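Counting starts at 1 for both ligands and their atoms, following the listed order. Since this is a predicted model, take the numbers as computed values, not measurements.
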Amino acid sequence: MKKLVVSGGKKLCGSVSIGGAKNATVAILPATVLGEGVSIIHNIPNVNDVSLELRMLEEMGAKVRLIDKKTVEIDTTNIVSPTVSYELAKNMRASYYFLGSLLARMGTASVSMPGGCNFGVRPIDQHIKGFELMGATVEIEKGMINAKSEKLTGTHIYFDVVSVGATMNVMLAACKADGLTILENVAKEPHIVDLANYLNSMGAEIRGAGTDIIKIRGVKEMHGAEYTIIPDQIEAGTYMTAVAATGGNAIIENVIPKHLESITAKLRSAGVTIEEGDDWVRVNRVEPLKAINVTTMPHPGFPTDMQPQIAAMLLGAEGTSIITEGVWDNRFKYIDELVRLGAKITVDGKVAVITGGAQLTAAPVKATDLRGGAAMIIAGLCIDGITEIEEIVHIERGYEDVVEKFRGLGADIKIIDTPDEIIAKVI
Ligand code: EPZ
């Protein structure tokens, strides 16, 4: 079993370079299917969700060649299978983007129900509603989502909830539909704009990504394209929060500061100094952290994917902080793990109340999900002692080179791999 071992108590200093956005990449890789030809995608993050999608593409018949660690060439000329199997889809969410892209390319798609972080029920009704309004039939049978359409037709779709996944999936399906598709009440995250930019570079006609209304004029042909993924807003925010939590002073490089504004604003209210450059931010904390209230919301609000990390930082703030989760029904599972470390937090529904300043002590904990795992690292970095984090597979799904990057900032962190036989003998 692999564990992360964090020996905390050091201020993070120096610099860290941010990789490509995971949640953009996991939509852009399925989008390559739309252009019959070769795409070269730069700045892909080296994380498990990306490796899985590259394997899905290979199983469909695409030729995938890693040019270097961050660049992949994908030739989708000979896609022959419209299927994403359970084996590959069970551990990640974004496999469902193949529904939209395969439906548009082949008129049929069969994708296993997705896995991914468990935040309670994660419906996909809005994806299905969009496909059906464009003329597809969608059935769920034996754990597979089967979508079919002789011809997708552009139409007006008003989403009932703001959904990143539904916005991207229906955008993919609409690229080659007959006529104009108008999407309203859409998500506006930076990765929505990144996907639209890639699709447009492949010959799609998409306008309005990043606003409340997206218009897609269907085109007959799309081609491969060369594209560079934007930096990961949440990876950047995670390191910013970690530096602030430890009272450190470091530069977070290769970021788009505009994408970080909601995070920067909250850190500043907590007493952290943030300086912004063209493609970097410097985080410096000298004063004690102040308690703050945070409510997560779709972009441009404070991202739900930063909620566990800022909660971990606020354990060290003076006073009471209130965190309200505005996107997911159940994104507080990780709090039980923070409580194991001595944190004083009470949860009532979607609200967590943190009494800052409690004495934290090292204990074994687990990563309950991707960002919950990041919160364990941040808490561990602030504790004088050794925190062991289990189930790090969640962290590896979304953070590239996490050990190397934290070490580069001066953290004492390593992965240990205890063979299961040894554990069995001890038991
Ligand atoms: C994406 O998930 C991200 N995942 C999540 O990031 C992120 O938390 C989320 O967007 C919100 O920003 C990927 O991009 C792979 P949603 P997604 O559809 O698309 C409800 C991370 O940590 N909803 O925007 O699955 C849903 O229940 C991960 O990197 C419906 O009701 O999220 C939720 O309350 C975790 N019906 C809300 O909308 C639907 O059909 C937002 O979900 C779809 C969603």
Margin query: Ignoring hydrogens, what is the shortest heavy-atom contact between Arg331 and Asp305? Give both atom names and the distance.
Written below: NH1-OD1, 2.6 Å
Check: With sequence neighbours excluded, what pairs up with Val351 under the side chain to side chain contact (heavy atoms under 4.5 Å, CB included) test?
Finding: Ile322, Thr324, Val353
Next item on the list: Only counting residues at least two apart or in another chain, list the ones meeting side-chain hydrogen bond (donor to acceptor under 3.5 Å, both in side chains) with Lys215.
Entry: none
Check: Relative to each other, are the rings of Tyr239 and Phe406 parallel, tilted or perpendicular (30° and 60° limits)?
Finding: tilted
Next item on the list: Using a strict cut-off of 4.0 Å, indicate which atoms of ligand 1 neighbour a heavy atom of Arg331.
Entry: 8 (O), 22 (O), 35 (C)
Next item on the list: With heavy atoms only and a cut-off of under 4.0 Å, state how His299 meets ligand 1: side chain, backbone, both or neither.
Entry: neither
Next item on the list: May I ask whether Tyr96 places a heavy atom under 4.0 Å from ligand 1?
Entry: yes
Notebook entry, point to check: For atom 10 (O) of ligand 1, which candidate among Thr167, Asp305, Val164 provides the closest heavy atom?
Noted result: Val164
Checklist line | Shortest reach to atom 38 (O) of ligand 1 by a heavy atom, considering only Asp49, Val161, Val26 | finding: Val161
Note to self: Under the side-chain contact (heavy atoms from CB on, under 4.5 Å) test against Thr167, which residue among Ile214, Asn185, Leu195 passes?
What the structure shows: Ile214
Check: Counting both backbone and side chain atoms, is some N or O of Leu370 under 3.5 Å from an N or O of ligand 1?
Finding: no
Notebook entry, point to check: What about Ala166: any of its N or O atoms under 3.5 Å from an N or O on ligand 1?
Noted result: no
Next item on the list: Kindly confirm or rule out an N or O of Thr304 lying under 3.5 angstrom from an N or O of ligand 1.
Entry: no
Margin query: Looking at non-hydrogen atoms alone, which of Gly326, Gly165, Ala24 comes nearest to atom 19 (O) of ligand 1?
Written below: Gly165
Note to self: Tell me whether Lys63 is salt-bridged to Glu73, with the criterion being a basic N under 4.0 Å from an acidic carboxylate O.
What the structure shows: no
Next item on the list: Indicate whether the side chain of Thr153 and that of Asp178 have a donor and an acceptor atom separated by less than 3.5 Å.
Entry: no
Next item on the list: Say whether Asp125, considering both its backbone and side-chain N or O atoms, lies within less than 3.5 Å of an N or O atom on ligand 1.
Entry: yes
Checklist line | Part of Arg371 within contact of ligand 1 (heavy atoms, under 4.0 Å) | finding: side chain
Check: Should one rank Met92, Arg93, Arg122 by closest heavy-atom distance to atom 2 (O) of ligand 1, which comes out on top?
Finding: Arg122
Note to self: Under 4.0 Å, counting heavy atoms only: does Gly398 come that close to any atom of ligand 1?
What the structure shows: no
